[in-house]
2 protein chains.
Amino acid sequence: MTYEHAIYENVFTALADPTRRHIFEALRARPQTVGELAADQPVSRPAVSQHLKVLETAHLVSVEPQGNRRLYKIKRDGLEELRTYLDGLWSDALFAYGAEIANRIKMKTE
Amino acid sequence: MTYEHAIYENVFTALADPTRRHIFEALRARPQTVGELAADQPVSRPAVSQHLKVLETAHLVSVEPQGNRRLYKIKRDGLEELRTYLDGLWSDALFAYGAEIANRIKMKTE
DNA sequence: CATGTTCGTAAGTCATTACTTACCGTAAGC
DNA sequence: GCTTACGGTAAGTAATGACTTACGAACATG
């Protein structure tokens, strides 16, 4: 648990923060520099830098240094990992079944 | 942002916590009471109660009181909301296109 | 009834995290 | 060269969150 870090785990925490979601969604439009991203956010530029770092370790964005600046763009890997995890939950047949089985517990078993 | 709360927002925060993911995954097997869930977790029973509350507001689980106990089971709504949100990101044509457009920024446009 | 379970909630603590300002390195532009 | 723009990192603070124990309400059981 502590030394086995799945990517989707980081994706959840990365996208759990509203500011990070906004940054990520802003990058959907086009790759952007830190300054551009910060201009659209209510927080400071260093804060955006820190958020980008989190998004990067979640494989949601990647950087491409261009001279003075650093151009961030969306990366598919993070969302793919997340989708795979969700598919695992989805495909479980017990999912829809869960509602029915509830009655079985009425008489205490133990 | 503060008075427009989308469900997927809560789903991200709900599943960002490892303990809550474990509880949620445990419920995939079958509906369970709070005590049963707590027995499988390294945290106290009240902690599990609090986690269940978070999962409930994210529409990931639902409760069904049965006499003395409360039977929790998985609810589809939360994951469906999440999936819809992810599909919105996925289907974006600019997604794959983003890598190409990067070069356009080379000369600063202002 | 009186006692046991079961579980939600309150209150307080400790760790995490999101944010700020200050600073430094590096590339660009006179 | 010197100065300005860009952005990562450090350090400190304030807010959030995950946990504990203590308690009380509601049903179950003798």
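Computed from a predicted model, the values in this text were never measured in an experiment. The basis for the numbers below is simple: all heavy atoms, side chains too, and nothing from hydrogens, waters or symmetry mates. Convention: sequence-line order gives letters A, B, ...; per-chain numbering from 1.
The two residues A:Asp40 and A:Gln32 have their closest heavy-atom pair at OD2-NE2, 4.3 Å. Pairing each heavy atom of B:Lys75 with each of B:Ser62, the nearest pair is CD-CB, 4.0 Å. Between B:Val61 and B:Phe24, the shortest heavy-atom contact is CG1-CD1, 4.2 Å. Residues A:Leu52 and A:Val34 approach most closely at CD1-CG2, 3.9 Å, considering heavy atoms.
Residues A:Ser44 and B:Arg45 each lie close to DNA chain C; by heavy-atom proximity, the contact nearer the 5' end of the strand is made by B:Arg45. Toward the 5' end of DNA chain C, the nearer of the two residues B:Val34 and B:Gln50, judged by each one's closest nucleotide, is B:Val34.
Searching all strands for a Watson-Crick or G-U wobble partner of D:dC27 with both distances below 3.5 Å returns nothing. Across all strands shown, C:dG4 forms no Watson-Crick or G-U wobble pair with both key distances under 3.5 Å.
At the phosphate of C:dC7, OP1 or OP2 sits under 4.0 Å from a side-chain N or O atom of B:Thr33. In terms of phosphate contacts, A:Tyr72 brings a side-chain nitrogen or oxygen within less than 4.0 Å of OP1 or OP2 of D:dG8. Distances shown here put every side-chain N or O of A:Arg70 at or beyond 4.0 Å from the OP1 or OP2 atom of D:dC6. When the side-chain nitrogen and oxygen atoms of A:Thr13 are compared with OP1 and OP2 of C:dT16, none of them lie within a distance under 4.0 Å. Regarding contacts with the backbone of C:dC7, every side-chain N or O of B:Lys53 stays at 4.0 angstrom or more from both OP1 and OP2.
Minimum atom distance to the side chain of B:His51 is reached by D:dA18, of the listed D:dT20, C:dA18, D:dA18.
What separates CG of A:Leu52 from P of D:dG8 is a distance of 7 Å, to the nearest Å. The CG-P distance, from B:Asp17 to D:dG17, rounds to 11 Å in whole Å. Distance CG (A:Leu37) to P (D:dG8): 10 Å, rounded to an integer number of Å. Straight-line distance from the CD atom of A:Gln41 to the C1' atom of C:dC19: 14 Å, rounded to whole Å. One can place NE2 of A:His22 at 11 Å from P of C:dC19, the figure rounded to the nearest angstrom. Regarding A:Gln32, its CD atom lies at a distance of 11 Å from the P atom of D:dG7, rounded to whole Å. Between the CG atom of B:Leu55 and the P atom of C:dG8 there is a distance of 12 Å, rounded to whole Å. In this structure, CD of A:Gln66 is placed 11 Å from P of D:dG7, rounded to the nearest angstrom.
A donor N or O paired with an acceptor N or O is found under 3.5 Å between the base of D:dA5 and the side-chain atoms of A:Asn68. The base of D:dG7 has none of its N or O atoms less than 3.5 Å from a complementary donor or acceptor on the side chain of A:Arg69.
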Run the numbers on B:Leu82 and B:Phe12 for side-chain contact (heavy atoms from CB on, under 4.5 Å), then give the verdict. CA-CA 8 Å; B:Leu82 179 58; B:Phe12 274 125; 3.5 Å; yes

Working for salt bridge (Lys or Arg N to Asp or Glu O under 4.0 Å), residues A:Lys73 and A:Glu64: CA-CA 8 Å; A:Lys73 55 185 166 189; A:Glu64 182 180 339; 2.8 Å; yes

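The glycosidic torsion of C:dG4 lies within 90° of 0, which places this base in the syn conformation.
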